[in-house]
Every structure is written in C-alpha cells, then in structure tokens.
Amino acid sequence: MSKNKKTFRPKARLPRGFGDVAAHEVRTMAAMIKTIGEVYELYGFEPLETPALEFAECLGKFLPDADRPNEGVFALQDDDEQWMSLRYDLTAPTARYVAENYDGLAKPFRRYQVGPVWRNEKPGPGRFRQFVQFDADTIGTTEMAADAELAMMFSDVMEKLGIERGDYAIRMNNRKILDGVLEKINLLGDDEATSNTRLTVMRAMDKLDRLGSQGVRLLLGEGRKDESGDYTKGANLDAASIDKVIAFVEAGKSTNKDTLAALAELIKGSEIGQQGIDELVEINTLILAAGYLEDRICFDPSIVRGLGYYSGPVMEAELTFEIKDEKGNLVRFGSVGGAGRYDGLVARFKGIEVPATGISIGVSRLYAALEKLGKHPAPKVRAPVIISVMDKSERATYQQMAMDLRQAGIRAEVYMGSSGMKAQLKYADKRGAPLVVIQGEDERANDEITIKDLVVGAKASKDITDNQEWRSSQVAQMTAKTQDLVKTVQDILAKPHHRH
RNA sequence: GCAGUUAUAGCUCAGUUGGUUAGAGCGCCUGGUUGUGGACCAGGAGGUCGCAGGUUCGAGCCCCGCUAACUGUACCA
C-alpha cells in the first residue's frame with residue numbers, strides 16, 4: 001500500500017434545498033400539522049395517504065424524456081423502464097386516486113392529506129426542494145359552497161396556528177374573470193402566439209404586489225430590466241390594452257362588494273367574465289353569512305396562481321407583516337398556501353368532467369416564516385432528568401431509578417456514556433436537563449441521593465466568580481432518601497422555575 | 001437559464017503596495033479540580049487559502065478558465 005494513496009472521504013453535506021429537521025422543528029411541525037388536521041377534520045374531511053412515487057404520466061405535463069429526465073421533477077426509471085416521479089404536489093396523486101377508485105367513493109369525495117413533496121428547482125428563502133404540504137379537496141361538485149368553505153377553513157387554520165387576524169390575508173380571484181379581461185384585449189385565441197402572450201400577461205399581473213403597477217406596466221409592454229441588470233421580455237401589448245389590464249389588477253376596493261362592482265364594469269360584455277363574477281358574488285354571500293369579512297377574505301384581481309390547471313375561483317394566503325433576515329433585509333416568503341378550483345384534472349384519466357376544488361398549505365414555508373418571526377407555537381418539552389453514573393458497577397441501580405421516574409411520567413435517562421462526573425454534568429447542561437440525580441459511594445452508604453437543580457445552579461453561577469466557592473458550595477444541591485426519589489423530583493419540578 | 005457578488009479553520013471574519021512559518025474571536029478537546037454544568041487560567045487539535053492553469057525570484061493577494069454558494073431575475077404543473 002502506497003502511503004500517499006488517500007482514503008476517499010466524502011464531504012458530509014446535503015444537496016441544496018434539502019434540510020435536516022432538528023428536534024425542536026420536528027415537534028413544532030408536528031404540532032402545526034396536528035392543528036391543521038384538526039380543523040380539516042372538523043369540516044368533515046377524511047384522511048388519505050398516497051405514495052411518494054407515481055408514474056410520471058399520472059402526475060402531469062412535465063413528462064421526463066431521455067434528454068432531460070429531471071426537468072422540474074425528480075424522476076427515475078423502474079426496472080421495466082417506465083418513468084416514475086416523486087410527487088411534486090398532492091393534488092395530482094389525489095386526482096389519480098379518485099379516477100382509480102371513482103365508482104366506490106361517496107361523492108362529493110372529501111379528503112385531506114399531508115406529506116412531503118419534491119420539486120427540482122432552484123431553492124431560496126422559504127423555498128425548498130423537499131417540503132411539506134397539507135391539502136384538503138372536495139371532488140365531484142360544481143357548487144360554490146365548496147369553494148366558500150375552503151376560504152373559511154383556510155382562515156380558521158391561520159388563526160388556529162396563532163396568526164392573528166390582520167396578520168394574514170386570504171386573497172381571492174376567479175380565473176373566469178381573468179379570462180374575461182383577456183377576452184376584452186383579444187387574447188383568448190388558441191393559436192400559439194396568442195397563448196404565449198396570454199401567459200406572459202398573466203405572469204405580469206401576478207407580480208403586482210412585488211413590482212408595483214409601473215413594473216407590471218413594463219412587463220405588459222416592452223419588457224423590464226431588474227436591479228441586477230437582467231432583462232425580462234415583455235408582452236408587447238398596445239397602450240390601450242395595457243391600460244385595461246392595469247385598471248383590472250388595480251380594481252381592488254376596500255369591500256368585496258365594491259370590488260365585484262368595479263370588475264363587472266371592466267369586463268362588461270364578456271360572458272365568461274360575468275360568470276366568474278356571479279360565482280364570487282355567491283361565495284361572498286356565503287362567507288358574509290358566516291361572518292367572514294374583508295379582514296379575513298378579500299377579493300383581489302391581481303391573484304393568478306399557477307397557470308396550468310385552475311379553472312375557477314383561486315385564492316392565496318399571505319402573511320402581511322414584514323419579515324427581516326439577520327442583516328435587516330426584507331425577506332420575501334411568497335404565499336404560504338393556495339387554493340382553487342380545478343375542474344379538468346380528473347378528466348385527464350376518466351374522460352368525464354369531475355369538478356373539484358382544493359386547498360394546499362405550505363407547512364414548511366409557513367414554519368420558516370413563523371420561525372423568522374419567532375412566532376410559531378413551539379410546544380415545550382422538558383428535557384429528561386439525567387441519572388449520572390458515578391459507579392459503573394451500579395448501573396442496574398441507576399436504571400431502576402430511571403424506571404421509577406418513568407413510571408411517574410417523568411422523562412428520565414441514565415447517562416449512557418463512559419466519561420467522568422464533569423463531562424456528565426456538561427452533558428446534562430447541554431441537553432437542557434432540569435435535574436441531575438447523583439448517587440456515589442457516600443450517598444449509597446446513607447441510602448441517599450443527591451439531586452442537583454441545573455436551573456437554580458445556572459442562576460447562582462452568575463454571582464459566583466470564584467471556582468473554589470462554586471465547587472465547594474455545591475450549589476443548588478439537596479439530598480434525599482433514595483426511596484423518596486420520585487416524590488422529591490416531582491416536588492422540585494413543580495416549582496415555578498421548572499414550569500413550562 | 002440570465003445577471004451581479006462572493007469563496008481563507010467547525011462558525012463569523014481579518015490578512016497592508018505581491019515577501020519568509022496564514023491569524024483572531026467564538027466553538028471543540030485536555031488539564032488546573034482522582035465526585036460537580038458556569039466563570040477564570042494554561043495548553044491542544046483543526047487549513048490543499050474552492051479547483052485547475054498562468055505571470056513572477058516569490059501568489060491567500062495579480063491574470064485566465066472552471067466549480068460552488070449567495071442575491072436578484074426568469075420558470076414554478
């Protein structure tokens with residue numbers, strides 16, 4: 001063996017856009033998921049789980065091909081060479097499930113589903129390549145009641161998560177109204193040039209909140225140069241059309257009723273547009289009757305959502321307070337969830353129209369945003385009481401102490417390492433343990449235990465600068481009879497400084 | 001994809017007009033203390049200066065190429 005031949009050591013690292021989830025985050029996410037699930041359950045939705053992998057053709061239009069099998073999705077070939085993809089949302093698998101089990105389902109079919117989805121895209125703040133979505137869908141009805149219900153449920157979820165009214169906004173629009181505007185400027189044609197322009201216009205409209213009306217105007221016209229100097233080609237509309245589109249996206253008023261009236265004026269003469277307005281009127285009637293006002297759900301003509309499958313009412317939830325990073329720069333998280341009607345998705349499989357509407361909450365992004373704000377409802381879990389190991393030969397005794405504490409419902413662990421006292425206390429400190437139980441030779445001789453209160457100790461250390469004193473005074477320690485272990489621990493943990 | 005910025009220890013960063021052995025703080029490990037978390041003191045480990053070429057007597061620093069990350073932008077079913 002030559003000495004300069006190095007062993008290959010992979011650098012321990014993670015692909016970008018993927019993240020480990022530490023204890024605190026696991027607990028918080030679980031709590032968020034529990035809360036959201038409870039709201040969905042209250043509304044009557046039933047749980048469903050589907051696998052991470054689906055046949056690529058079942059997921060949608062981004063079919064992998066031999067040249068670029070990873071465009072947007074993570075895909076791999078089965079041993080029979082069929083392409084499979086990691087799901088990029090929970091809606092497509094649901095459509096597949098409904099189509100596959102159509103005859104046996106109670107319709108409208110109402111289910112909820114939570115789980116990770118994967119997208120092979122460039123990550124950013126609040127954007128990951130694996131993230132958790134929490135969806136609920138009603139499949140098999142054209143009734144606007146289903147859409148209105150989603151809007152109200154969306155609002156309920158946000159507030160149950162501890163986001164106060166006014167700190168979030170659910171903005172709603174209708175794709176049919178958008179179509180009405182596009183009709184007014186002759187962009188509803190089927191030819192390729194027209195449909196490309198249509199997409200460019202819709203993308204531009206969607207950017208109103210970020211770029212303002214001036215920015216959108218540029219994108220509707222010649223194009224726009226961003227601050228890095230990059231240039232985005234525009235839709236090249238004529239001035240009159242640009243004015244119409246801008247008037248539309250800015251038609252939002254302070255009440256939903258006024259917004260609808262303004263929109264009706266703008267799309268007058270468009271049948272599809274009027275239909276969209278009628279739908280929102282119906283939704284507005286329902287949410288008003290339930291007491292959901294504009295401070296929770298408001299109509300906003302600049303909401304577009306995904307370009308692909310939405311066909312009716314669409315909505316988007318955003319956090320309305322500012323989020324700053326460490327350097328004080330404003331961070332854009334984008335929407336924390338969306339919802340909308342997609343009447344064509346199941347038809348891909350069945351050939352028959354199966355109208356559907358659903359909601360999708362981006363749990364990962366919501367978590368990231370709330371984390372930045374220090375706002376998420378972190379469940380407090382007390383770290384375990386640590387039983388130190390003074391004498392390795394007494395492990396069985398220590399184990400019994402831990403078992404007694406567990407019996408009383410107290411998290412407890414015997415130190416599992418092989419280091420000395422100092423290291424064990426450091427360990428307990430780092431774990432955030434409230435107490436350390438010590439029984440060495442001296443205590444055992446008297447059938448006693450020493451219990452050290454790490455919280456009290458930490459406080460005391462602030463006033464002690466001398467190590468001799470710190471050590472000899474054995475701060476925050478007390479002794480008890482071994483048989484009183486559980487009771488003593490319970491008493492100490494009941495004290496205010498240990499309360500959560 | 002496009003554009004800009006950046007790349008030096010586990011982390012945050014310094015490193016002079018190009019000069020000899022590349023530093024600091026924090027963190028980590030050991031000891032001071034054979035049974036005590038903090039503080040303090042002493043010591044220690046840890047670097048292919050992103051990769052590869054070039055200029056030069058000499059490159060962390062200058063030049064070229066590549067890669068990656070970050071930010072913006074585009075796309076986002």
Side-chain angles (χ1 to χ4, degrees), chain A residues 6 11-13 15-17 56 58-63 68 71-73 85 87-92 95 117 119-125 127 129 199-200 203-204 206-207 210-211 215 219 223-234 304-310 325-327 329-332 334-335 338 340 342 344-345 348 360 386 388-391 419-444 450-477:
Chain A
K6 275 189 181 161
K11 191 172 159 65
R13 66 205 176 107
R16 64 191 170 149
C58 289
L59 287 183
K61 68 175 187 182
F62 281 84
L63 298 185
R68 303 198 300 177
E71 180 75 0
V73 302
S85 297
R87 63 187 182 203
Y88 54 75
D89 69 12
L90 299 176
T91 312
V117 301
R119 294 185 191 181
N120 195 0
E121 313 174 324
K122 184 187 157 188
R127 284 175 75 112
R129 292 206 288 178
L199 288 177
T200 308
R203 285 174 194 133
D206 200 30
K207 293 186 174 79
R210 203 150 42 86
L211 304 180
L219 286 173
R224 173 181 177 271
K225 196 183 240 184
D226 70 48
E227 56 207 74
S228 71
D230 192 20
Y231 185 74
T232 310
K233 208 162 159 280
V304 177
R305 289 300 293 169
L307 304 169
Y309 56 61
Y310 286 118
D325 66 12
E326 306 75 37
K327 288 166 189 159
N329 300 318
L330 212 61
V331 181
R332 282 189 183 281
S335 78
Y342 51 97
L345 256 199
R348 289 187 58 236
S360 179
I386 305 290
S388 71
V389 177
M390 290 288 307
D391 305 305
S419 301
M421 198 64 225
K422 186 181 170 78
Q424 294 190 33
L425 277 159
K426 269 190 157 176
Y427 169 79
D429 190 44
K430 209 160 196 172
R431 284 291 304 274
L435 306 177
V436 174
V437 176
I438 302 166
Q439 187 182 59
E441 220 178 327
D442 301 346
E443 289 92 346
R444 196 158 44 250
T450 294
I451 298 177
K452 190 175 182 73
D453 188 326
L454 295 191
V455 176
V456 170
K459 243 176 234 145
S461 79
K462 280 183 190 143
D463 303 321
I464 303 175
T465 49
D466 177 62
N467 186 252
Q468 282 302 318
E469 188 189 346
W470 166 249
R471 288 216 164 193
S472 60
S473 67
Q474 302 202 321
V475 283
Q477 288 186 200

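Letters A, B, ... mirror the listed sequences (proteins, then strands); counts begin at 1. Keep in mind that the numbers below use all heavy atoms, side chains included, and drop hydrogens, waters and symmetry copies. All values derive from a computational prediction rather than experimental measurement.
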Checklist outcome for this item: Whole-Å distance, A/Lys233 NZ to B/rC75 P, equals 12 Å
Item to check | d(CG, A/Leu199; C1', B/rA74) in whole Å | outcome: 14 Å
Next on the checklist: According to side-chain hydrogen bond (donor to acceptor under 3.5 Å, both in side chains), who are the partners of A/Asp206, at least two apart in sequence or on a separate chain?
Outcome noted: none
Checklist entry - Name the stems with RNA chain B in them: runs of three or more consecutive Watson-Crick or G-U pairs, distances under 3.5 Å? => result B:1-7 with B:67-73, B:10-13 with B:23-26, B:28-32 with B:40-44
Checklist entry - Which part of the nucleic acid does A/Lys207 contact within heavy-atom distance under 4.0 Å: base, sugar-phosphate only, or nothing? => result sugar-phosphate
Next on the checklist: Can you measure A/Arg203 atom CZ to B/rG1 atom C1' for me and round it to whole angstrom units?
Outcome noted: 14 Å
Item to check | Which residues share a side-chain hydrogen bond (donor to acceptor under 3.5 Å, both in side chains) with A/Arg129, sequence neighbours left out | outcome: A/Asn120
Checklist outcome for this item: note: A/Tyr342, atom OH; B/rA77, atom P; distance rounded to Å ~ 15 Å
Checklist entry - If we ignore angles and hydrogens, is there a donor and acceptor under 3.5 Å between the side chains of A/Thr450 and A/Gln477? => result no
Next on the checklist: For a quick check of understanding: with a heavy-atom distance under 4.0 Å over all strands, which category does A/Asp442 fall into, base, sugar-phosphate or nothing?
Outcome noted: base
Checklist outcome for this item: Across all chains, not counting sequence neighbours, the side-chain hydrogen bond (donor to acceptor under 3.5 Å, both in side chains) partners of A/Thr200 are none
Item to check | Contacting residues from residues 423-431 of chain A, given that a heavy atom lies under 4.0 angstrom of RNA chain B | outcome: A/Leu425, A/Lys426, A/Asp429, A/Lys430
Next on the checklist: Once salt bridge (charged side-chain N to carboxylate O under 4.0 Å, His left out) is applied, what residue pairs with a partner in residues 424-441 of chain A remain, sequence neighbours excluded?
Outcome noted: A/Glu413-A/Arg431
Checklist entry - How close or far is atom C1' of B/rU36 from atom CE of A/Met390, stated in whole angstroms? => result 9 Å
Item to check | Any N/O donor-acceptor pair, A/Lys122 side-chain to B/rU73 base, under 3.5 Å | outcome: yes
Checklist entry - Can you name the residues that form a salt bridge (Lys or Arg N to Asp or Glu O under 4.0 Å) with A/Asp391, not counting sequence neighbours? => result A/Arg444
Checklist entry - Pick the nucleotide of RNA chain B nearest each of A/Ser461 and A/Gln439; which residue has the one closer to the 5' end? => result A/Gln439
Checklist entry - Base, sugar-phosphate, or nothing: which does A/Glu443 touch, judged by heavy atoms less than 4.0 Å apart? => result base
Checklist entry - In whole angstroms, how far is the P atom of B/rC2 from the OH atom of A/Tyr231? => result 18 Å
Checklist entry - For A/Ser461, what residues pass the side chain to side chain contact (heavy atoms under 4.5 Å, CB included) criterion, not counting sequence neighbours? => result A/Trp470
Next on the checklist: List the residues meeting side chain to side chain contact (heavy atoms under 4.5 Å, CB included) with A/Ser360, not counting sequence neighbours, and say none if there are none.
Outcome noted: A/Gln133, A/Asp135
Item to check | Results of side chain to side chain contact (heavy atoms under 4.5 Å, CB included) for A/Ala95 - residues two or more places apart only | outcome: A/Leu345, A/Val346, A/Phe349
Within the sub-3.5 Å range, which N or O atoms of nucleotides 67-69 of chain B have a protein N or O partner, and how far apart are they?
from: B/rA69; atom 1: OP1; to: A/Arg16; atom 2: NE; distance (Å): 3.4

Checklist entry - Under the side-chain hydrogen bond (donor to acceptor under 3.5 Å, both in side chains) test, which residues partner A/Gln424, sequence neighbours left out? => result none
